[in-house]
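Input: a single structure, listed below in structure tokens.
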2 protein chains.
Amino acid sequence: MPKGIVLTTDEQNHRRHEIFEAALDTFIEKGFVETSMREIAELAGMGKSSLYDYFGNKEDILIFVMEEALENVLNNARRINALPLSPEVRLRQIIEMHLEYIVENKKLFYLFSYEGRRMSSENQQRAQQGRYMYQDMLRGLIEQGIQQGIFREVDPLVAARMLINTIIPVVYTSRPTGAPQVMMQEILDIFMNGIQK
Amino acid sequence: MPKGIVLTTDEQNHRRHEIFEAALDTFIEKGFVETSMREIAELAGMGKSSLYDYFGNKEDILIFVMEEALENVLNNARRINALPLSPEVRLRQIIEMHLEYIVENKKLFYLFSYEGRRMSSENQQRAQQGRYMYQDMLRGLIEQGIQQGIFREVDPLVAARMLINTIIPVVYTSRPTGAPQVMMQEILDIFMNGIQK
DNA sequence: TGACAAAGCGACCAGCGTTCGCTATAATAA
DNA sequence: TTATTATAGCGAACGCTGGTCGCTTTGTCA
């Protein structure tokens, strides 16, 4: 972009996206800390200090699209949870949606899982808040199932956490035995079989 | 240690342990990359460049005790696996042992889970090799159970991975519903219930 | 007593994220 | 048409970082 031209908010946002896309691959390949602002600037085709006109600092690049992604998963989950279906079916659909979202944004979630701890405590807290909401939704679903006599009397929070923690490894396993969706079905079967009466 | 005194191998090893202990807390509190060699040196009560007489570089501090820890878990697992017990009991005992080891070396394993990706590819490969052996052992156990007609015909590798991946989050959850051992029992119950006929 | 080995360290290096003041230029006002 | 203003973009500098090197100090041993 030549000098002197005033960018609209949309253009600025587009530029931010360009920078992020340029950084993402390198973040994933080499890690967040190991990727230098000089590299990002070069990939984005601009001077290093110009990056700071679009992002306050390096971390801001990392969290640029995180908020949006987490919000989307949470909203999709809420939508499914509101459907008039049995707890079991809703549980399955939410996990399938969640998996699909991670598969589609594989690089992004990889970054979050492995570099999320590098975010400022403020940003980490925000992310955890979202995770808690999600967790509590699944817990509520399991509680419903127990009340309806479909599920055994398991600890609903432990079960919810257990289920959530199986998703990420399915996508990023180094020795997949098939498509993530297939592996997830197998895991869901074991889990459901495990909590059903 | 004053100059001129020649250290025995044991003394050198003890010194290495001192340095590692000094670094460990800071690694966990601030992260591996964010902890400087200058800080570690200060905590260890020595000049920064003297650290390099005991560790080749920063990463060597990180992996100093990793090899040993992973080896121990693997050996313990092998020992349990050789006992004349049913696959289910052996599976349970191995996971319980694994959990206990992580609980007892909580800080260490936290570091491995969150900073392991920062190790050189060589060290990462070694760690993964160990993980594969462990995984295959559990897979074999599940296969045995299937052959003996105790377990349903689940995908043994997927089930093994699923089980392994539930352990770490139990120890490091930010909202525990009780002792890790209790949570793990609940998870083991769900899992066993899930794969049993 | 002199030569040697080794523990320890200060000074330095290249590279890092970030800041700041400057330049160039399109849009606007007079 | 000319002067002013706003801003996109950048080069140079700053205080950090992990790591290296050559020197000093001191116990040991021939």
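A note on names: the letters A, B, ... follow the listed sequences, proteins ahead of strands, and every chain is numbered from 1.
Closest approach to the B/Ile5 side chain among C/dG8, D/dG27, D/dG9 is made by D/dG27 (side chain taken as heavy atoms from C-beta onward). The side chain of A/Leu7 sits closest to D/dA8 out of D/dA8, C/dA11, C/dA7.
If you measure from atom CG of B/Leu51 to atom C1' of D/dG19, you get 11 Å, rounded to the nearest angstrom. With rounding to whole Å, B/Asp53 atom CG is found 9 Å from C/dC9 atom C1'. Across the protein-nucleic acid pair, B/Glu42 atom CD and C/dG8 atom P stand 17 Å apart, rounded to whole Å. Distance CD1 (A/Ile19) to C1' (D/dC10): 14 Å, rounded to an integer number of Å. For the pair B/Arg16 CZ and C/dA7 C1', the computed distance is 14 Å after rounding to whole Å. In this structure, CE of B/Met46 is placed 10 Å from C1' of C/dC9, rounded to the nearest angstrom. Atom C1' of nucleotide D/dC23 and atom OH of B/Tyr52 are separated by 19 Å, given to the nearest angstrom.
For B/Ser50 and A/Val6, each mapped to the nucleotide of DNA chain C holding its nearest heavy atom, the one lying further toward the 5' end belongs to B/Ser50.
Contacts between residues 30-41 of chain B and DNA chain D, defined by a heavy-atom separation below 4.0 Å, involve B/Thr35, B/Ser36, B/Met37, B/Arg38, listed by number. Contacts with DNA chain C (heavy atom under 4.0 Å) in residues 57-65 of chain A: A/Asn57, A/Lys58, listed by number.
Qualifying salt bridge (charged side-chain N to carboxylate O under 4.0 Å, His left out) partners for B/Arg38, counting only residues two or more places apart in sequence or in other chains: none. In this view, A/Glu71 and A/Asn75, A/Arg78 satisfy the side chain to side chain contact (heavy atoms under 4.5 Å, CB included) rule, not counting sequence neighbours.
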Can you list, pair by pair, the side-chain donor-acceptor contacts under 3.5 Å of residues 57-66 of chain A, counting residues two or more places apart and other chains?
from	atom 1	to	atom 2	distance (Å)
A/Asn57	OD1	A/Glu59	N	3.2
A/Asn57	OD1	A/Asp60	N	3.1
A/Lys58	NZ	A/Phe32	O	2.9
A/Lys58	NZ	A/Val33	O	3.3
A/Lys58	NZ	A/Thr35	O	2.6
A/Glu59	OE1	A/Ser120	N	3.1
A/Glu59	OE2	A/Ser120	N	2.7
A/Glu59	OE2	A/Ser120	OG	3.2
A/Glu59	OE2	A/Asn123	ND2	2.9
A/Asp60	OD2	A/Gly56	N	3.3

Less than 3.5 Å apart, which donor and acceptor atoms pair up between the side chains of residues 166-176 of chain A and the rest of the protein, not counting sequence neighbours?
from	atom 1	to	atom 2	distance (Å)
A/Thr166	OG1	A/Leu163	O	2.5
A/Tyr172	OH	A/Lys106	O	2.5
A/Tyr172	OH	A/Tyr110	N	2.9
A/Thr173	OG1	A/Arg175	N	3.1
A/Thr173	OG1	B/Arg161	NE	3.3
A/Thr173	OG1	B/Arg161	NH1	2.8
A/Thr173	OG1	B/Arg161	NH2	3.3
A/Ser174	OG	B/Gln128	NE2	3.2
A/Ser174	OG	B/Tyr132	OH	2.7
A/Arg175	NH2	B/Gln135	OE1	2.7
A/Arg175	NH2	B/Asp136	OD1	3.2

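Taking the centre and axis of the six-membered ring of A/Tyr54, the NZ or CZ atom of A/Arg16 falls outside the cone set by 45° and 6.0 Å.
In this model, the phosphate group of C/dA6 is not approached by any side-chain N or O of B/Gln12 to a distance below 4.0 Å at OP1 or OP2. Contact check, B/Tyr54 against C/dA7: no side-chain N or O comes under 4.0 Å of OP1 or OP2.
The stretch residues 17-28 of chain B participates, sequence neighbours left out, in these salt bridge (Lys or Arg N to Asp or Glu O under 4.0 Å) pairs: B/Arg15-B/Glu18, B/Asp25-B/Lys107. Screening residues 177-186 of chain A for salt bridge (Lys or Arg N to Asp or Glu O under 4.0 Å), with sequence neighbours left out, gives no hits. Applying the ring pair (Phe, Tyr, Trp, His ring centres under 6.0 Å) rule to pairs touching residues 74-100 of chain A yields A/His98-A/Tyr134, sequence neighbours excluded.
Residue B/Ser49 places a side-chain atom within donor-acceptor reach of the base of C/dG10, judged by atom type and a 3.5 Å distance cut-off alone.
Between A/Asn72 and A/Tyr101, the side chains place a donor N or O and an acceptor N or O closer than 3.5 Å (distance only, hydrogens not considered).
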